[in-house]
Amino acid sequence: MYANKHPYESFFASLPPHTAPSVISTDLEDHKEINYSTQPIVVTAGVRSKQRVPWSSGLCDCLSDRRTCCRTFWCPCVTFGQIAEIVDKGSSSCGVNGALYTLISCVTCCCCWYSCFYRAKMRQQHSLKEDPCRDCLVHLCCECCALCQEYRELTTRGYDLSIGWHGNMEKKNRKLEMAEITAPMVEEGMNR
């Protein structure tokens with residue numbers, strides 16, 4: 001019955017491979033019609049889905065960085081302020097975030113709700129797994145451990161939290177400029 005190609009088959013063959021529907025059956029003699037996949041094809045322009053990666057250190061690895069552990073235990077507002085400035089990409093300063101954290105802590109005694117928001121934001125930015133449990137539960141049960149883990153994660157990813165977002169960007173730009181300056185010169189064409 002279908003000795004000739006189906007009229008739409010040539011159209012779909014002309015499309016790029018990622019947009020053409022997958023053919024389940026191409027044997028036209030045994031089947032009366034072509035069955036196309038019923039699953040929708042999602043094409044995004046330049047966006048790749050990232051798989052969630054684990055944290056670089058565990059929640060209870062606080063003592064691997066004793067200095068941060070002690071500072072976070074005695075003055076968590078400083079650690080939180082540094083984390084929040086990096087996560088906000090410099091749109092708010094360490095001092096403002098730390099002061100707001102302290103104010104919320106003094107007024108409501110529940111600053112963990114504020115800090116869990118930044119943990120979730122950081123996880124989204126760096127495609128981190130929600131480990132070992134929900135963000136708010138981590139901050140509610142282990143506020144200091146959560147802040148230390150976030151601090152270590154940003155440090156592992158190359159940030160120096162003591163100089164803030166803008167300092168990190170200047171440092172990165174200087175490295176790029178130095179790489180351009182020290183790049184070897186390439187001669188044009190071949191010479192004999």
Side-chain angles (χ1 to χ4, degrees), residues 44-106 111-140 142-188:
T44 56
V47 178
R48 293 186 180 136
S49 63
K50 293 183 180 180
Q51 282 204 331
R52 300 283 176 195
V53 295
W55 291 80
S56 62
S57 62
L59 183 63
C60 297
D61 290 343
C62 297
L63 295 177
S64 65
D65 182 5
R66 294 179 201 280
R67 185 179 190 157
T68 302
C69 180
C70 289
R71 182 181 56 237
T72 304
F73 181 77
W74 294 110
C75 197
C77 59
V78 173
T79 303
F80 173 76
Q82 291 175 330
I83 292 167
E85 182 179 358
I86 299 295
V87 171
D88 279 342
K89 298 182 178 177
S91 65
S92 59
S93 71
C94 171
V96 169
N97 287 313
L100 190 55
Y101 181 90
T102 303
L103 182 66
I104 291 171
S105 179
C106 291
C111 53
C112 61
W113 299 115
Y114 183 49
S115 57
C116 93
F117 166 74
Y118 277 93
R119 183 179 180 91
K121 192 173 179 180
M122 182 178 149
R123 274 190 329 90
Q124 289 298 100
Q125 288 176 354
H126 298 291
S127 298
L128 295 165
K129 290 182 180 178
E130 193 168 26
D131 249 0
C133 54
R134 310 278 298 170
D135 296 328
C136 288
L137 192 56
V138 169
H139 274 271
L140 182 64
C142 299
E143 178 73 7
C144 288
C145 293
L147 290 174
C148 286
Q149 183 186 33
E150 294 160 18
Y151 189 95
R152 285 190 311 273
E153 186 67 34
L154 291 172
T155 303
T156 301
R157 292 180 179 272
Y159 293 102
D160 180 0
L161 277 72
S162 64
I163 61 174
W165 174 259
H166 297 291
N168 278 288
M169 292 302 103
E170 287 175 17
K171 187 176 175 181
K172 182 180 176 182
N173 289 337
R174 269 187 268 136
K175 283 183 181 178
L176 289 174
E177 288 173 2
M178 291 303 292
E180 290 174 3
I181 292 171
T182 59
M185 297 299 287
V186 179
E187 291 183 24
E188 298 279 332

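Heavy-atom basis, side chains included; hydrogens, waters and symmetry copies ignored.
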Keeping [X] on the side-chain end and [Y] on the backbone end, is there a donor-acceptor pair under 3.5 Å?
X: Trp55; Y: Lys129; result: yes
X: Gln149; Y: Ser57; result: yes
X: Trp165; Y: Lys89; result: yes

Exercise. Under 3.5 Å, is there a donor-acceptor pair between the Glu153 and Ser56 side chains?
Worked result: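 Side-chain D/A pair, Glu153 to Ser56: present.
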For this session: Using a cut-off of 6.0 Å, state whether more than 12 heavy atoms not belonging to Lys172 lie near its atom NZ.
Result: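 No, not enclosed.
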To the closest 0.5 Å, what do you measure between [atom1] ([X]) and [atom2] ([Y])?
X: Asp61; Y: Arg152; atom1: CG; atom2: CZ; result: 5.5 Å
X: Arg71; Y: Cys148; atom1: CZ; atom2: SG; result: 8.5 Å
X: Gln82; Y: Ser93; atom1: CD; atom2: OG; result: 11.5 Å
X: Leu154; Y: His126; atom1: CG; atom2: NE2; result: 5.5 Å

Exercise. Charged N to carboxylate O below 4.0 Å: is that the case for Asp135 and Arg123?
Worked result: yes
Problem set entry | Tyr118 and Phe80 aromatic ring geometry - parallel, tilted or perpendicular at 30°/60° bounds | perpendicular
For this session: Tell me, please, which residues at least two apart from Val138 pass side-chain contact (heavy atoms from CB on, under 4.5 Å).
Result: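 Residues passing side-chain contact (heavy atoms from CB on, under 4.5 Å) with Val138: Leu59, Arg119, Pro132, Cys133, Ala146.
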